[in-house]
Amino acid sequence: MLANEQARGGRCWRCSSLVSVKEMVQWFLKITDYADELLDGLEHVVFPENVRLQQQDWLGRSEGALIRFPVVDSDEVIETFTTRPDTIFGVTFVTIAPENPLAERLVAGTEHEDAWRELRAEVLGISDMERGMLRDKKGVFLGKHAINPLNGEKVPIYAGNFVIATYGTGSVMAVPGHDQRDYDFAEEYGIPIRQVLLEHDGDVPADELDRAFEGYGPMVNSSRDGFDGLAGKDAISAVIAMLEKEGAGHGTVEWKLRDWGFSRQRYWGTPIPIIHCDKCGEVPVPEEDLPVELPDDVDFELPDDVDFEGKGNPLARVAAFLNVDCPTCGAAAKRETDTMDTFVDSSWYFMRYMDPSNSDVCFDADAAEYWMNVDFYCGGIEHAQLHLIYARFWTKALRDLGLHSHDEPFQKLLCQGMVNAPTPFCEACNTTLHVEHRETGVCPHCGGPLRERSAKMSKSEGNTVNPTPIVEKYGADTMRLFMLFSANPTAGMDWSDTAIVSNFRQLNTIWSLPAQVAGWGDAASPVDNWLAARFRQRQREWRAAMDDVELRVAVRISHYEFNTDLQWYRRRGGSNKELVTGMLRELAPMLHPATPHIAEELWEETGGEGLLAAHLIGEMGAEQEGDASELAAEQYLRSLLEQARKMRGLAARHLEGEPREVTIQCAESWKGELCRMGMDLREEDFDMKSALKVIMTREFAHDAEVRKQIPGVWKRVQKQLFKWSPDEKGILRAEVDEVATITAATDFLASELGVDSVQVWTAGEGDDVGDKARFAFPLEPGIAYQ
RNA sequence: GCAGGGAUUCCCGAGUGGUCAAAGGGGGCGGGCUCAAGAUCCGCUGCUCAGUGCUUCACAGGUUCGAAUCCUGUUCCCUGCACCA
């Protein structure tokens, strides 16, 4: 026994066995009573859009009308549900599900009885799911006619294999002019097709239609006054009003959601607390006897004479469990042996967590009041239509029983992506199979060939990766880091562990940091301030990423970026043992969520007190005075180095031998001023075209030589306005002294660029080496090699 | 069929209008260290070039001063629902 949600492609979502249709007496939960609330509640929770859509889809609310078609020469009435009452004048036949009991009553005694029986047998032999896959529309005339209640017209009644008995009323009014499915059917059986809606205002109704028009348009050809010309909602409500006035129907709402059939014929489930008494019927187990516990002396071996098929519940063979006295009359009675779907248990476990050791009640109302609802819930997208609907329903039901006062169980939902791995797949059955079928390479259901396909890792398919060997080889921290670094939480991934070694190396590097630093000196150096500012920046970034559950980004910052920064610090001559040791101690809490073991070690090694896991992470990395300019200057140097290196490669081709000297000419101050003017003007949305006039009035423009260059430079500035990064704009705003910055780092630059000396001045203040002064632009000095 | 999500430089993958020739990782190539290997560090990895250039983000159009990013159409892939009246 499965709920509708638990069948996929005509097979059990767990074990892939074929679903077949059987009549059974079952217990249902009336989840449909909560349909409205389940839909409306989606507005009040923070769910990913696709989950919201999937739930909406599953609930499947449709507004429409119930319309009654009396059967000619009979007391029978066919009730139909439609979302398109505006097409009622186009009804040319009525279709009902073959297994609808009404069909049998109608066809009885007519010549069409045999044909109907055949169709019904065909439909019953397959599940709803497979029925959905049928493309052929088949129907049988039932030998009777129905009367269109609004115009009195007689239309034939058919049984159709595409009508679902359990949706709506199991009967459909067919409008071939405006429903493609009805159109196909009408074509097949030679039924008239009538146009009763125009596609566009003013169209002339066609004599023949080559397809159904399913949109909303003005009514036409109505057989009663007052309807032609009405369109969409107006048309629908006018028809409904008329139906209600004449007692032929009414406006109503249908749902796709069905009641939750939660009986399972299995041992493993919560017993349904009902006792069957011959005299009193179904009697609930008295509250003081709850919960009904499963017997633990169950014989799971089937007796030889029991056929396995259909006799799956071993509970039915435990006499001590089965035989009880009726709580009402005391007569001998039988206990219900069906158990609840295990989704019942997952529907409220989080509430039990709030009061786990309570032995009197499932949970204390005060505890639930205090803790509920769950602030942040993380689960797979596959639960969108199962667990997440059941749990929402259960929460509302418990609320109505007075156990707590919350409407929704989960406030914010994050769906992590699924990790996929190759799995055997049968194309013919459209089913993924357990990896054990790889050996035979043959589908156990149809015997067809299997191919491989990427599918979500799951126990049922066995395509899982056992972490133990990886943990043994690289450690649990590596495993954790690898998984976090592989993909962001909401993205899925195909499993591949080729990159795991690089994560292992990275952890080794982090591991070795304290020992490395221990060999450094105590001397402070000019880059110390930069590293400190950089670290604070990283802390802020990390914190923001964690708050947004951007775990991959967070891990990159904590486990990778810091090391990258440290390497730059070393290249720039930094070697302050005390500074960096303190920083490592601050890094440890950032490492902890992903790689707790190594974080604890680092914490202890760098003088942290107690267990790091016991510390709360507070605010971190508050920006300090001067951080921005510190970062700006260093970034300038970094990009300068990149430019200079690029230039060096080009220069080497033109020089005989390796370059020995580099001359850097920084932009004149007026160019910087021009840049700042450009930024100002842009922020003010000033018209750039007339800006040149304003510029020419500035003091620096009085110099004739400068004046000549201004138009060209201004053009460049305008282009750069869009290209500068916020950091670069910051450097320009801060009026970072390029010459001073470079001068302070000439030794560093010389060694990085492999030259003997670095000379630097503002263009115009020294020789124009290599005619490069003309290239000098703020942030991009002229560079010449000799 | 309907709904949702995709297609990025050798590979994985980030990237929602200028910060982009495009993060990060992998791989490859070169260099430092080393007797050597591993580890590690540095550089290169679209084309052109003593520099402000060119051509790229599935394909074809469009909007914009400016598009990987927005719009339209096309192709292909994935996921969910599947004759819901």
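This one's a predicted model, so the numbers in the text were calculated from it and none came from an experiment. Sequence lines set the chain letters: A, B, ... in the order given, protein chains first and strands last, and positions in each chain run from 1.
- Close to B:G43, at under 4.0 Å from its OP1 or OP2, lies a side-chain N or O of A:Arg571.
- In this structure, A:Ile783 places its CD1 atom 15 Å from C1' of B:C49, rounding to the nearest Å.
- Note on A:Ser512: every side-chain N or O is 4.0 Å or more away from OP1 and OP2 of B:U40.
- Between A:Gln567 and the phosphate of B:C41, there is a side-chain N or O to OP1/OP2 separation shorter than 4.0 Å.
- Using a 30° and 60° split on the angle between ring planes, A:Tyr167 and A:Phe81 fall in the perpendicular class, above 60°.
- In the set B:C84, B:G51, B:A23, B:C84 carries the atom at the smallest distance from any side-chain atom of A:Arg258.
- When the P atom is used for both B:C35 and B:C29, the distance is 24 Å, rounded to whole Å.
- Between B:A67 and B:U63, the two P atoms lie 12 Å apart (nearest whole Å).
- Ranked by how close their nearest RNA chain B nucleotide is to the 5' end, A:Thr83 and A:Thr564 are led by A:Thr564.
- Atom CD in A:Glu550 sits roughly 11 Å away from atom C1' in B:A14 (whole-Å rounding).
- Between A:Leu66 atom CG and B:A85 atom P the separation is 14 Å, expressed in whole Å.
- Look at CD1 on A:Ile510: it is 18 Å from P on B:A39, rounded to the nearest Å.
- Remark: B:A50 base-pairs with no nucleotide in the shown strands. Criterion, Watson-Crick or G-U wobble with two distances under 3.5 Å.
- Taking the six-membered ring for Trp and thresholds of 30 and 60 degrees, A:Phe748 and A:Trp568 have ring planes more than 60 degrees apart, a perpendicular arrangement.
- Rounded to whole Å, the separation between the P atoms of B:U8 and B:C57 comes to 11 Å.
- For A:Ile164, taking side-chain heavy atoms from C-beta onward, the closest of the listed nucleotides B:C83, B:U52, B:G24 is B:C83.
- Geometrically, A:Arg84 engages A:Tyr216 in a cation-pi contact defined by less than 6.0 Å to the ring centre and at most 45° from the axis.
- In this structure, B:G24 forms a base pair with B:C12, meeting either the Watson-Crick or the G-U wobble geometry with both donor-acceptor distances under 3.5 Å.
- B:C2 is paired with B:G80 under the criterion used here, namely a Watson-Crick or G-U wobble arrangement in which both key atom distances are under 3.5 Å.
- Taking 4.0 angstrom as the limit, A:Arg181 places a side-chain polar atom (N or O) nearer than this to OP1 or OP2 of B:C84.
- Residue-level contact check: A:Gly782 touches the bases, meaning some heavy atom is under 4.0 Å from a base atom.
- Separating the C1' atom of B:U45 from that of B:G25 is a span of 15 Å, rounded to the nearest Å.
- The listed nucleotides are B:U40, B:G25, B:A85; the one nearest the side chain of A:Ser502 is B:G25.
- Side-chain atoms of A:Val717 and A:Phe777, non-hydrogen and from C-beta on, do get closer than 4.5 Å to each other.
- Listed nucleotides: B:C84, B:G51, B:A85. Nearest to the side chain of A:Phe81: B:A85.
- With a 4.5 Å cut-off on side-chain heavy atoms, A:Cys666 and A:Ile742 count as touching.
- Although no hydrogens or angles enter the test, the distance criterion places no donor-acceptor pair under 3.5 Å between the side chain of A:Thr83 and the main chain of A:Ser62.
- Looking only at side-chain heavy atoms (C-beta outward), A:Leu66 and A:Thr80 stay at 4.5 Å or farther from each other.
- The gap from the P atom of B:C70 to that of B:C84 amounts to 33 Å, rounded to the nearest Å.
- A straight line from CH2 of A:Trp58 to C1' of B:C2 spans 15 Å, rounded to a whole angstrom.
- Straight-line distance between the C1' atoms of B:C81 and B:U64: roughly 39 Å, to the nearest whole Å.
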Q: Could you check A:Arg571 against A:Glu752 for salt bridge (Lys or Arg N to Asp or Glu O under 4.0 Å), going step by step and ending with a plain yes or no?
A: CA-CA 9 Å; A:Arg571 278 167 77 187; A:Glu752 288 285 329; 2.8 Å; yes

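- Of the side-chain N and O atoms in A:Arg552, none sit less than 4.0 angstrom from OP1 or OP2 of B:A14.
- Nucleotide B:C41 holds its C1' atom 13 Å from the CZ atom of A:Arg505, rounded to whole Å.
- The distance between atom CZ of A:Arg648 and atom P of B:C42, rounded to the nearest whole Å, is 18 Å.
- Base contact: A:Ala784 has a heavy atom under 4.0 Å from a base atom.
- Note on A:Tyr785: every side-chain N or O is 4.0 Å or more away from OP1 and OP2 of B:A50.
- Rounded to the nearest Å, the gap between the C1' atom of B:A21 and that of B:G53 is 13 Å.
- Each of A:Lys772 and A:Arg645 lies near RNA chain B, and the nucleotide nearest A:Arg645 is the one positioned closer to the 5' end.
- Taking the C1' atom of each, B:G15 and B:U69 are spaced 8 Å apart, rounded to whole Å.
- Contact annotation for A:Pro781: base contact, defined as any heavy-atom pair under 4.0 Å involving a base atom.
- For A:Leu257 and B:C84, the CG to P distance is 17 Å, given to the nearest whole Å.
- Base pairing analysis places B:C59 opposite B:G73; the two distances defining the Watson-Crick or G-U wobble pair are each below 3.5 Å.
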